[in-house]
There are 2 protein chains.
Amino acid sequence: MTTATLVPVFAALGDETRWNILAALGEGEASASALARRLPVTRQAITKHLAVLQEVGLVEPVRVGREIRFRVIASQLSETARRLDVIGARWDRRLAAIKQIAEDL
Amino acid sequence: MTTATLVPVFAALGDETRWNILAALGEGEASASALARRLPVTRQAITKHLAVLQEVGLVEPVRVGREIRFRVIASQLSETARRLDVIGARWDRRLAAIKQIAEDL
DNA sequence: GCCATCTGCATCCGGATGGTTGCACAATCC
DNA sequence: GGATTGTGCAACCATCCGGATGCAGATGGC
């Protein structure tokens, strides 16, 4: 679960490279080195990004022999979407109410 | 509609102050000056944030007399949530498939 | 045991970013 | 018409951030 606070999750998702990493991980678990081979960035850069993604619970490390692979935690994405949807709905209601009031004038 | 590219929207949502502004706008339309009065930041800072929010279609300016009020576009929030949910679902399927393969070994 | 490979840590760098201050300009209300 | 209030623009500042380099340490294959 680790329901991370919402804002940092969005901050993590607000970077193109991070999405590329997530997309690459969609093909299956991969280590930082492996990711560095198929993406146009250094391993160290990838490591930092993975740390950010792990911090907000979007990704999870798995030790395999001497390497550390990472896998996407899809549920965290869904959870974030759900929470954002709730917020959106709340605003919809509020705005609808305001509009109603305005029209009643 | 203005289906802004997803990543910049997340980047915009990845800032605490911006959420405070959105929350304040939830009470109803407000100008940059008005927001500056009830938030612990300068009007100019707020103006910049509003520009970012407007850029990604989360907020919309409305001219009222000599002031420019801003209102939240709730549909953009819902839309973003929907798109994120689709991505999450895709990952869920993919991960389920991978798990299936692993178990079949 | 040795070499190849993967990870970790520290440092450095340029650009973006959140924020401020200061000033000029526009419009509105009385 | 004048003072008040709202906006716009520019410069400046500190910090964060994405990224690169370099080097040291760990670990596994053969």
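To find a chain, count down the sequence lines: A is the first, B the second, and so on, and within it residues start at 1.
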Could you state the CD1-P distance from A:I46 to D:dC17, rounded to the nearest angstrom?
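Atom CD1 in A:I46 sits about 19 Å away from atom P in D:dC17.
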
Which listed nucleotide ([options]) is nearest to the side chain of [X]?
X     : options                : result
A:A45 : C:dG8, C:dT20, D:dA20  : D:dA20
A:S33 : C:dC6, D:dG22, D:dG19  : C:dC6
A:K48 : D:dG19, C:dG19, C:dA10 : D:dG19
A:E67 : D:dT5, C:dC6, D:dG19   : C:dC6
B:S31 : C:dA27, C:dT20, D:dT7  : D:dT7

Side chain to side chain contact (heavy atoms under 4.5 Å, CB included) assessment of B:R90 paired with B:I87
CA-CA 5 Å; B:R90 212 144 54 198; B:I87 295 174; 4.0 Å; yes

OP1 or OP2 of [N] less than 4.0 angstrom from a side-chain nitrogen or oxygen of [X], does that happen here?
X     : N      : answer
A:T47 : C:dT7  : no
B:H49 : C:dG19 : yes
B:R18 : C:dG18 : yes
B:T42 : C:dT20 : yes
B:R37 : D:dG6  : yes

Is [X] side chain donor-acceptor paired with the [N] base, going by distance under 3.5 Å alone?
X     : N      : result
A:R66 : C:dT7  : no
B:R69 : D:dG6  : no
B:Q44 : C:dG22 : yes

Which sits closer to the 5' end of DNA chain D, A:D15 or A:G65, going by the nucleotide each is nearest to?
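Closer to the 5' end of DNA chain D: A:D15.
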
Please report the closest heavy-atom contact between [X] and [Y], naming both atoms and the distance.
X     : Y     : result
A:W91 : B:A23 : CZ2-N, 4.0 Å
A:S75 : B:D92 : N-OD1, 4.4 Å
B:A24 : B:R38 : CB-NH1, 3.1 Å

Any chance you could lay out the side chain to side chain contact (heavy atoms under 4.5 Å, CB included) test for B:L58 and B:L13, step after step, and finish with the verdict?
CA-CA 9 Å; B:L58 280 171; B:L13 291 176; 3.6 Å; yes

Taking the nucleotide of DNA chain C with the nearest heavy atom to each, does B:R43 or B:V52 sit closer to the 5' end?
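It is B:V52 whose nearest nucleotide is closer to the 5' end.
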
